[in-house]
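In what follows, a single structure is set out as structure tokens and then discussed.
Just follow the structure's listing: the first ligand is 1, and inside any ligand the first atom is 1.
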Amino acid sequence: MKREPYKVIFDTDPGVDDAMALYFALAHPDIEVIGITTTFGNVAVEQAAVNALYLTALAGASIPVTQGIAAPLTLPPPVPPAHVHGADGLGNLPERRPVQATLDPRASARFIVDMARAQPGEITLVAVGPLGNLALALAIEPRLPHLLREVILMGGTVLEPGNVSAVAEANIANDPHAAAQVFAAPWRLTMVGLDVTHRVILPLSMFKAIADQQQHPATSTLHQAVCFYADFYSGLYPHVAQIHGCFGHDVLAFVYLVRPDLFTLARGRISVLTEGPLQGQTVLSSHYDADAALAGRRGDCVSQVCMEVDADACKQLVSDTLLGPWLA
Ligand code: BDR
Ligand code: CA
């Protein structure tokens with residue numbers, strides 16, 4: 001029997017791997033993206049919103065897009081990583097087609113709250129940027145953890161070294177105070193971090209094959225963007241250079257949503273270090289379950305963390321999904 005698609009709000013800072021994730025979600029028959037909420041991160045939030053509108057319009061999708069938080073809750077605004085995603089967030093596209101698309105006037109946090117209140121228990125929030133929108137939404141509506149079905153986020157790391165410091169992953173490091181608030185709330189939350197995203201290397205040739213076999217402005221734009229992104233990762237990691245590829249990062253949050261069986265999970269309480277040289281580190285305390293049971297009050301904040309992944313199966317799923325019949 002066919003299941004109802006997962007209703008998803010996609011919180012994102014597009015971003016090349018954000019674009020991969022968005023197109024995977026639009027292409028997958030079990031996912032219905034009901035809103036895209038943007039944040040600063042890979043680019044300024046204004047550019048993130050423009051990119052989200054552009055990518056959805058190119059794919060022929062009509063989905064509300066909101067502009068959200070422009071800076072971290074406490075830290076000064078970071079410099080966007082133009083060397084990773086391009087100055088435009090999409091690998092410095094040489095040109096853009098004219099598209100007709102306008103923003104939903106609500107702020108991202110307000111949109112999340114409105115949608116969760118209107119459809120309690122039905123919406124999955126997939127967050128793949130810094131977590132300020134979610135922290136602001138929590139402040140507006142403290143019952144949000146009970147109104148959302150679940151939260152799946154790309155960010156953080158447990159055993160794998162960080163990608164912006166020895167210990168910190170970019171999305172968490174960009175706003176550790178927001179992340180700390182999010183991990184302290186009683187959602188059903190799964191963290192898809194570098195422990196698994198650094199295992200899944202997607203070759204540039206895969207995106208070329210998709211663009212060749214499924215000729216469309218959306219697939220050729222994604223291929224162009226990944227060219228830049230793969231050059232960055234291949235310049236940094238010799239084992240990635242061997243196949244001229246890139247890490248899948250954000251798309252794995254959606255892979256987890258539809259194929260959780262491809263991941264091995266750990267459970268525990270996740271704390272975020274907000275100060276000092278370890279700022280942005282996510283620490284998993286696996287003993288928290290027992291502590292919480294004893295204390296009888298903190299168990300709600302136990303999260304799941306993806307620790308291992310079937311990388312080949314993920315790659316195959318991303319490829320098969322983007323080669324499916326999702327573009328008119
Ligand atoms: C994360 O940081 C961003 O650069 C990517 O889009 C991804 O969300 C990886 O650390
Ligand atoms: Ca991202």
Self-check item: D11-T37 side chain donor-acceptor pair, cut-off 3.5 Å
Solution: yes

Quiz item: Any cation-pi pair here, R96 with Y54, using under 6.0 Å and within 45°?
Solution: yes

Quiz item: Can an N, O or S atom be found in D18 less than 3.0 Å away from the Ca ion (ligand 2)?
Solution: yes

Quiz item: Is the shortest distance from a heavy atom of V84 to ligand 1 less than 4.0 Å?
Solution: no

Practice problem: Starting from atom 3 (C) of ligand 1, locate the nearest protein heavy atom and write down its residue, its atom name and how far away it is, to 0.1 Å. | Solution: N42 OD1, 3.2 Å

Self-check item: Nearest-neighbour protein heavy atom for atom 6 (O) of ligand 1, which is reported as residue plus atom name and distance
Solution: D17 OD1, 2.6 Å

Practice problem: Enumerate the atoms of ligand 1 whose separation from the nearest heavy atom of A170 is less than 4.0 angstrom. | Solution: 2 (O), 10 (O)

Quiz item: Closest N/O/S atom of D13 to the Ca ion (ligand 2), by atom name?
Solution: OD1

Practice problem: Kindly compute the distance separating CZ (R149) from CD (Q119), expressed to the nearest 0.5 Å. | Solution: 13.5 Å

Exercise. Check whether the side chains of D312 and Q316 place a donor and an acceptor atom closer than 3.5 Å, and report yes or no.
Key: no

Practice problem: Could you list which atoms of ligand 1 come closer than 4.0 Å to a heavy atom of N171? | Solution: 1 (C), 2 (O), 3 (C), 7 (C), 8 (O)

Exercise. Tell me whether G41 has at least one N, O or S atom under 3.0 Å from the Ca ion (ligand 2).
Key: no

Practice problem: Could you grab the angle centred on the Ca ion (ligand 2), going from O in V128 to OD2 in D250, to 10°? | Solution: 90°

Self-check item: Test log, rule salt bridge (charged side-chain N to carboxylate O under 4.0 Å, His left out), inputs D310 and R259
Solution: CA-CA 10 Å; D310 182 339; R259 289 293 309 274; over 6 Å; no

Quiz item: So which heavy atom on T197 is nearest to which on H249, and how close?
Solution: OG1-ND1, 2.8 Å

Exercise. Would you mind running through ligand 1 and noting each atom that sits below 4.0 Å from a heavy atom of H249?
Key: 9 (C)

Quiz item: Under 6.0 Å between ring centres, would you say that holds for F232 and F228?
Solution: no

Quiz item: Which heavy atom of the protein is the closest neighbour of atom 8 (O) of ligand 1, given with residue, atom name and distance?
Solution: D250 OD1, 2.5 Å

Exercise. Taking all non-hydrogen atoms of both residues into account, name the closest pair between Q279 and A168 and its distance.
Key: O-CB, 3.5 Å

Quiz item: Which ligand 1 atoms does E169 reach within 4.0 Å, using its non-hydrogen atoms?
Solution: 1 (C), 2 (O), 9 (C), 10 (O)

Exercise. Check for a donor-acceptor pair, side chain of T56 on one end and backbone N or O of S62 on the other, with a separation under 3.5 Å.
Key: no

Quiz prompt | Enumerated ligand 1 atoms positioned under 4.0 Å from heavy atoms of D18 | solution = 6 (O)

Quiz item: What about V128: any of its N or O atoms under 3.5 Å from an N or O on ligand 1?
Solution: yes

